[in-house]
Amino acid sequence: MTLTGTHINYYYHCHHHLWLFAHSINMEQNSDAVTMGKFISESTYKKEDHEIQISTDGGEIVLDFYDEKTKTIHEVKKSDKMEELHLWQVKHYISVLEEKGITGVTGEIDYPKLREKVKVELSDSDRERLNQIKADVERIVALSLPPEVINKPFCKNCSYYDLCYV
Ligand code: SF4
């Protein structure tokens, strides 16, 4: 299977969610993307000229803001609560661009509210880690039943809440 940004989101957010998504179980009026946006990230660069779309075997990924001159992917996030997820999202995007032959790309995650910027690069060990994440995603998706629910505060905002708890 092709690892997508959505897989990475759900992998860091909730393995139960990942399994339900991968098995095409859809509860919502809201799309998964909308739901994830509610509690993971919100870009302020959407729909600008710098947005680019990249087709991959696993679907299309959209980079909200890509600076071609400096070869930098910019992501703007509300908070650093899920910084690890944000990092791996951007590292994944860098690796997708590499696969397309665009090398030397870096990333920058901006947290305007915190007045912080985090530089992101893709190292050899990151490439290995992305392969491990992919293998782990495949293992979770192949389970005959979903992993345990996670009972986190953000569950109540999740589109699968009723399915998980009611
Ligand atoms: S409600 Fe909680 S446990 Fe269920 S899929 Fe959503 S985040 Fe995961």
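Order of appearance sets the numbers: ligands from 1, and atoms from 1 within every ligand. Note that the numbering runs from 1 along the sequence shown for the chain.
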Just checking: C155, one of its N/O/S atoms, less than 2.8 Å away from atom 6 (Fe) of ligand 1, yes or no?
no
Quick check on H13 - does any of its heavy atoms sit under 4.0 Å from an atom of ligand 1?
yes
Would you say the side chains of Y111 and H86 form a donor-acceptor pair under 3.5 Å?
yes
inquiry  = Any N/O/S atom, side chain or main chain, of C14 closer to atom 4 (Fe) of ligand 1 than 2.8 Å?
reply    = no
Rounded to the nearest 0.5 Å, the NE2 atom of H92 sits from the CG atom of D126 at a distance of 13.5 Å
Note: ligand 1 atoms sitting under 4.0 Å from heavy atoms of Y165 are 1 (S), 2 (Fe), 3 (S)
Pair H15 + Y11: ring centers closer than 6.0 Å: yes
| said: Would you say that I133 contacts R129 through its side chain, given a criterion of any heavy-atom pair below 4.5 Å between the two side chains? | reply: yes
